Number of protein chains: 2
Amino acid sequence: MANPERSTELLWGAKGRGGLNLERIVRAGIELADAEGLAAVSMRRVAERLGYTTMSLYRHVPGKAELVDLMRDTALGTEPDLGPPRGWRADTEAWARSGLEFYRRHPWLLESAGVRHVPGPNSIAGFEQALAIVAATGLRPAQVVAVVGLVGHFVESAAREVVETTRIERRTGVGHDEWWGARDSLYQHLDRYPTLTRIYEEGGFDEPLDPFEFGLQRVLDGIEALIRDEVRDETRCAVCGKVIDPAETGRPRAYCSRACQQKAYRRRKV
Amino acid sequence: MANPERSTELLWGAKGRGGLNLERIVRAGIELADAEGLAAVSMRRVAERLGYTTMSLYRHVPGKAELVDLMRDTALGTEPDLGPPRGWRADTEAWARSGLEFYRRHPWLLESAGVRHVPGPNSIAGFEQALAIVAATGLRPAQVVAVVGLVGHFVESAAREVVETTRIERRTGVGHDEWWGARDSLYQHLDRYPTLTRIYEEGGFDEPLDPFEFGLQRVLDGIEALIRDEVRDETRCAVCGKVIDPAETGRPRAYCSRACQQKAYRRRKV
DNA sequence: ACATCTGGTATACAGCATATACAGGGAGAG
DNA sequence: CTCTCCCTGTATATGCTGTATACCAGATGT
């Protein structure tokens, strides 16, 4: 993937000379987006930041849409792993939490999330990670896929909420005030919203629960209920997914065969 | 709210004469967005559709952002209600389903959902509806708010997925093929994604579960678990939320007092 | 009768993505 | 060495976008 010639050129070329690169363009785009949001990423701005003309970019990138695709997948690539496995629930939680952290670092990804989303290798790697975690529950394959989709979309949605909130708070100082200021015009029609009124008066909006933490526990509870209903009490091999027939004595088996045990060991070692 | 003069003008002016209106502009914007997506809504296009010049719109609307806000709230206004109450779970499900249906009708709302979202009266009305449903569970106020947020965001997220899928399928004919076509380049690196490979081979992607139906049941299950843990076995008044002390004989009480019973009756009647 | 306001128009400008034409430099062929 | 061709970067132009500014006709108020 990483052309070594280009990489050294990228690492050592520094100041601006050394010619234009795909990598340099993508990096400049990401920096711009991290700092000022996706809307600030225009071909002009990216080119300016690199000291070239607008059209020079088109020698390396087909168009803006593709640039954004590349930016997304590249940004994904710099993420850490989740540590040692501790059961599907803890692992899924860790996966979700790292996803949130990721969106926090690159909020602009949320702005372009609705669009077509051509999956790059790094994006697929995250998908694989989640599939492996959830597959260990023993759910049926289609259910595994659905669960991963559910959690993934939940993270995206919650991140959108959290990021938006912090952005507004940072921009308007307090934030809460502005929100309730806009609500002032509502107070005249409050009789039309009796439940809203009651919940407001009971302080339901004073200290809102963290939407990510709250929602995540609900979603995981829901998945747990599904597992309880669907999965017979069989342990399954983390490598191949086959049912493991339980050992009658001694330490419970974790793999269905020596082959899978070895495979897991090798994978763990690299 | 609805200026009768303007409304009659709007209803009877028909063909194009009768002058420009806020309502006509907003309606034209919605029609355009429904047909061609939010990206197609430009001041020029809206004006053309009405037979006026671009700048004429600015006599009635401060700018495009405000026009979109108005479009959103107006679109929300034409939605049906949910029928008679049948318990929090069925009601929440109905609310979510109507939300999905709404997004299906106006997919462009999803494109502008991430943004600041100034809440209009109709949007608040939907919020009130959901609050009333969830408040009947007896959860604490902050929890009620969090649950409504969770379900609302889930609907938005699932709708995005569903709408996107149908759009791609409609545009590219089959859709599935295109998706797996893009995956062709992946097959060379499949050894890097063992779980993905296994799930694919087991048919986990062949007949994907409906993300809305699947996710909704998980989310509701999670909420149900929360209620089971949090709520003592007390029935609560749907009007004021107070605890109802149970009737020892006869039909179970639904309201905490005659006053609330009457209030509910009056509200139901209008 | 005159001023002011309202609603619609025409023109202009800055920003955007990108198509097209062109220029210099390096590589390879004759 | 020269000629050609490709690769890379540039300059210019087109057609979008939102909107500022200036103008103009007609209605209304005084």
Side-chain angles (χ1 to χ4, degrees), chain A residues 3 5-10 13 15-30 32-33 35-72 108 111-112 115-116 118, chain B residues 3 5-10 13 15-30 32-33 35-72 108 111-112 115-116 118:
Chain A
N3 183 334
E5 202 168 7
R6 278 195 164 177
S7 287
T8 50
E9 204 177 0
L10 178 67
K15 275 302 157 51
R17 291 301 85 213
L20 216 38
N21 274 350
L22 222 186
E23 284 96 344
R24 290 187 63 192
I25 294 174
V26 171
R27 258 209 328 180
I30 291 179
L32 213 49
E36 304 182 45
L38 194 63
V41 178
S42 77
M43 299 303 262
R44 269 172 173 69
R45 295 283 311 270
V46 172
E48 270 173 21
R49 167 175 277 254
L50 293 167
Y52 289 86
T53 59
T54 309
M55 291 314 292
S56 67
L57 304 185
Y58 286 91
R59 292 288 164 200
H60 305 265
V61 157
K64 185 180 176 177
E66 289 84 351
L67 173 56
V68 174
D69 284 346
L70 282 171
M71 282 168 55
R72 170 166 34 228
W108 51 273
E111 298 173 47
S112 80
V115 221
R116 58 218 154 100
V118 179
Chain B
N3 182 334
E5 202 167 7
R6 281 196 161 175
S7 288
T8 50
E9 205 177 359
L10 178 68
K15 276 300 155 55
R17 290 302 85 211
L20 217 36
N21 274 350
L22 222 184
E23 283 96 345
R24 290 187 62 192
I25 294 175
V26 172
R27 260 210 326 182
I30 291 177
L32 213 47
E36 303 183 44
L38 194 62
V41 178
S42 76
M43 300 301 264
R44 272 169 170 70
R45 295 281 313 269
V46 172
E48 269 174 21
R49 168 175 277 254
L50 293 167
Y52 289 87
T53 60
T54 309
M55 293 313 293
S56 66
L57 304 185
Y58 286 89
R59 294 285 165 200
H60 305 266
V61 158
K64 186 181 175 175
E66 291 82 351
L67 173 57
V68 174
D69 285 344
L70 282 171
M71 282 167 57
R72 170 165 35 228
W108 50 274
E111 297 174 47
S112 81
V115 220
R116 59 219 154 99
V118 178

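Everything numeric here is computed off the predicted structure, so don't read it as measured data. Side chains included, hydrogens not; waters and symmetry mates left out as well; all remaining heavy atoms used. So that the names make sense, note that chain A is the first sequence line, chain B the second, and so on, each numbered from 1.
- The two residues V41(A) and G29(A) have their closest heavy-atom pair at CG2-O, 3.8 Å.
- If you measure from atom CG of L57(A) to atom C1' of dT10(D), you get 12 Å, rounded to the nearest angstrom.
- Set against dT9(C), dT18(C), dG18(D), the side chain of Y52(B) has dT9(C) as its closest nucleotide.
- Going from atom CG of L38(B) over to atom C1' of dT17(D) covers 13 Å, rounded to whole Å.
- Between dG8(C), dA20(D), dA17(C), one nucleotide has an atom nearer to the side chain of S42(A) than all others, and that is dA17(C).
- Contact record, E111(A) with A39(A): OE1-N, 4.0 Å, taken as the closest heavy-atom pair.
- Counting only heavy atoms from C-beta on, M55(B) has its side chain closest to dT21(D) among dT12(D), dT21(D), dG7(C).
- Not counting sequence neighbours, R59(B) has no partner by the salt bridge (Lys or Arg N to Asp or Glu O under 4.0 Å) test.
- Summarising the geometry, the separation between CG on L22(A) and C1' on dC7(D) is reported as 15 Å, rounded to the nearest angstrom.
- Nearest to the side-chain atoms of R59(A) among the listed nucleotides dT9(C), dT19(D), dG9(D) stands dG9(D).
- Distance CZ/R27(A) to CZ/R49(A): 10.0 Å, rounded to 0.5 Å.
- R24(B) has its CZ atom 14 Å from the P atom of dG7(C), to the nearest Å.
- Picking from dT17(D), dT10(D), dT18(C) the nucleotide with the shortest atom distance to the side chain of R45(B) gives dT17(D).
- Nearest-nucleotide positions on DNA chain D place S56(A) closer to the 5' end than the other of R44(A) and S56(A).
- Computed from coordinates, the K64(A) NZ to dT17(D) C1' distance equals 13 Å when rounded to whole Å.
- Here the P atom of nucleotide dG8(C) and the CD atom of E48(B) are 17 Å apart, to the nearest Å.
- Atoms CG (L50(B)) and P (dG7(C)) sit 16 Å apart, rounded to a whole Å.
- M43(B) has its CE atom 21 Å from the P atom of dC13(C), to the nearest Å.
- Of the listed residues (L22(B), L20(B), L67(B)), just one forms a side chain to side chain contact (heavy atoms under 4.5 Å, CB included) with L57(B), and that residue is L20(B).
- OP1 and OP2 of dT6(C) both lie 4.0 Å or more from every side-chain N or O belonging to H60(B).
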